[in-house]
Amino acid sequence: MITLVRGFKDILPAETALWQHLEDVARQLFDDFGFAELRIPVLEQTELFARSIGADTDIVEKEMYTFADRSGASLTMRPEATASVVRAYIEHKLYAKDPVWKLYTIGPMFRRERPQKGRYRQFYQINAEVFGLEDPRADAELILLLMTLMGRLELSGIMLHINSLGCAACRPHFKEALRSFLTESTAELCSDCLRRREKNPLRIFDCKVPACKEAMLDAPSILDHLCDQCRSHFETVQASLERFQIPYQTNHRLVRGLDYYTRTAFEVLAEALGAQDAVAGGGRYDSLVKALGGPDQPGIGFAIGVDRLIELLAHQRQGLEKRPHLFIAALGTGAQDRAFGWLQELRMQNVRTEMDFADRSLKAQMRRANKLGAPYVLIVGDRELEEGSAELRNMSTKEQEKVRLQDLVEVVVNKTRN
RNA sequence: GUGGGUGUAGCUCAGUCGGUAGAGCACCGGGUUGUGGCCUCGGCGGUCGAGGGUUCAAGUCCCUUCACUCACCCCA
């Protein structure tokens, strides 16, 4: 048997109704907030990700699906979407038409990590990106959009964490402060964190090794080291969230694994998810567009982990599946033939109609109608055909009425519309 | 990449001391010659993850391997 590639999965019909529901709600919401859809490819030149995500992040170092195509060019299955969206913004000179763009995109991402609950090698994200707005209300608007989506999906048990990572002016000072705080801790830190201390000391906040956590207990907070502009920016973001009664926690330990983030960073965490508890994450990336060769335009965005969100919504699955409006139980070849005709005719009227092509016993066909959950069953055999009628059975009341064949489509359409 | 757990019917799982492979659900059919759910009876369905070893005999013991899964790492 040929099986799935490790870490990949099929999404079976029992689940796709929920996926469609989620996407419908998201698209409607983006529409309400003035976001337009952008569709981007799954393959990009490897260099795009190396330059945007950061060459020595885990993603770029060891998690990308990278291969040489026949021309020898190095291509990569996208591990995230922001880089591609930024590339498209720059490549098509969208900024020239209007510097401000609010875009969203939905699709699969690929990372070659060890699979576990909530982590797949092909996983799905809903991404939102805003370009050209430096105002902190843009940060708030985006978080508001995200939390509104969670609300519309009737999701509970989630918590919004926010932080500010500072900017090119103040973050270097904080990194230095953190390094000097940790100079005495060489014995306590794990090997990863010793490396991080040199390269990117902020990441030590993410470490779950108990000794490292302890060493970081009294670590300085970046929120105490922000420059005036960053502090005022962050305060406005918080004030906006409060204005719209969005519950949140500031979390000065929230860093984020991608190099391009500046200022506002945020995550939505869900307790029910276990170890992979981030449902969504994002932040501001004011220097990314320029770094990738575009104009000096600020950006901010987030990604929602759709697989994880679906996990949280799994209990909503029942009630979403589509059931036929009508099942036609036809007895004998004559009735089967007529039924086949009505099947198509009714479907043209948007009546979900099913029948059994096997011409089995009425009992078997009734069983199937019941299993499919059809509220009405049309019973027709030679007896009915002769008198030009059929029996229409209401499955919940068990009442049956005779319907003249020439009125059949009209009657059924009316019944099933209510 | 590193650990732990689990692999038996389509699904959920039993399987004792090593002695002929089981249940429930699902599916198909009978009980009702043309009426669903409940009940009842029957049927279909197995490379016991794979390979090797020990043994008269292996689902069961040993070795190897693969897959799934959870966790570390990292992230959505």
Side-chain angles (χ1 to χ4, degrees), chain A residues 1 3-9 12 14 53-54 57-64 78-82 106-128 146 190-193 195-196 203 206-210 212 254-258 266-270 273-283 301-312 327 329-332 335 356 358-384 390-400:
Chain A
M1 185 174 51
T3 58
L4 279 165
V5 175
R6 182 172 172 73
F8 287 65
K9 66 171 176 178
L12 299 175
I53 299 170
T57 56
D58 277 15
I59 293 178
V60 173
E61 271 181 359
K62 50 193 189 196
E63 294 175 0
M64 295 201 305
R78 60 181 185 196
E80 60 116 37
T82 301
I106 300 178
M109 308 296 156
F110 305 85
R111 291 183 200 170
R112 200 183 176 289
E113 302 174 88
R114 189 75 173 261
Q116 71 182 79
K117 186 178 170 67
R119 193 174 70 190
Y120 308 98
R121 289 181 172 183
Q122 174 173 335
F123 61 101
Y124 294 81
Q125 286 190 341
I126 297 174
N127 274 80
L146 178 59
C190 71
S191 57
D192 281 339
C193 285
R195 192 165 38 82
R196 289 174 179 136
R203 300 298 303 282
D206 262 348
C207 190
K208 282 151 191 155
V209 176
C212 300
L254 169 60
V255 290
R256 312 275 311 143
L258 284 59
F266 54 95
E267 277 183 2
V268 175
L269 304 177
L273 283 179
Q276 308 302 322
D277 61 352
V279 188
F302 66 69
I304 299 169
V306 179
D307 311 74
R308 295 176 183 179
L309 191 49
I310 288 286
E311 179 93 2
L312 292 172
F327 186 93
L331 299 158
D356 189 336
D359 192 19
R360 296 189 295 168
S361 72
L362 180 57
K363 178 176 181 166
Q365 296 193 50
M366 293 298 291
R367 252 204 290 263
R368 179 157 180 79
N370 184 62
K371 184 187 170 193
L372 294 176
Y376 292 96
V377 175
L378 187 76
I379 300 165
V380 58
D382 294 340
R383 196 189 297 166
E384 287 77 11
E391 296 282 336
L392 185 61
R393 179 179 177 87
N394 180 319
M395 292 294 273
S396 48
T397 66
K398 299 185 176 185
E399 283 164 4
Q400 274 179 216

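In this text, all values refer to a predicted model and were calculated from it rather than measured experimentally. First the proteins, then the strands, lettered A, B, ... as listed; each starts at 1.
Classification of A/Asp277 and A/Arg308 as a salt-bridged pair fails, no side-chain N sitting under 4.0 Å from a carboxylate O. Between A/Glu311 and A/Lys117 there is a salt bridge, since at least one side-chain N of the basic residue sits less than 4.0 Å from a carboxylate O of the acidic one.
Using a 4.0 Å cut-off, some side-chain N or O of A/Arg360 falls inside it from OP1 or OP2 of B/G29. OP1 or OP2 of B/C68 has at least one side-chain nitrogen or oxygen of A/Arg6 nearer than 4.0 Å. Side-chain N/O atoms of A/Lys371 include one lying less than 4.0 angstrom from OP1 or OP2 on B/C27.
Between the side chains of A/Arg393 and A/Gln400, a donor-acceptor pair is found at a separation under 3.5 Å.
Between the P atom of B/U32 and the CE atom of A/Met366 lies a distance of 18 Å, rounded to the nearest Å. Distance A/Leu362 CG to B/U33 P: 11 Å, rounded to the nearest Å. Atoms CG (A/Leu4) and P (B/A67) sit 13 Å apart, rounded to a whole Å. If you take CG of A/Asn370 and C1' of B/A26, they are 15 Å apart, rounded to a whole angstrom.
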> Could you go step by step and tell me if A/Arg111 and A/Arg119 meet the side chain to side chain contact (heavy atoms under 4.5 Å, CB included) rule?
Replying inline: CA-CA 9 Å; A/Arg111 291 183 200 170; A/Arg119 193 174 70 190; over 6 Å; no
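The shortest side-chain heavy-atom distance between A/Gln125 and A/Ile106 does not fall under the 4.5 Å cut-off.
As judged by a 4.0 angstrom heavy-atom cut-off over every strand, A/Gln276 is placed among the base-contacting residues.
Both distances falling under 3.5 Å, in either a Watson-Crick or a G-U wobble arrangement, occur for no nucleotide opposite B/A76.
Evaluation of atom-type donor-acceptor distances gives a pair under 3.5 Å for the side chain of A/Glu384 against the base of B/G34. Between the base of B/G31 and the side chain of A/Lys363 there is a donor-acceptor pair shorter than 3.5 Å. Judged by atom type and distance alone, A/Arg119 reaches the base of B/C73 through a side-chain donor-acceptor pair under 3.5 Å. For a distance-only test at 3.5 Å, the side chain of A/Arg393 qualifies as a donor-acceptor partner of the base of B/G36.
Heavy-atom nearest nucleotides on RNA chain B were determined for A/Gly381 and for A/Glu80, and the one closer to the 5' end corresponds to A/Gly381.
Nucleotides B/G49 and B/C68 place their P atoms 16 Å apart, quoted to the nearest Å.
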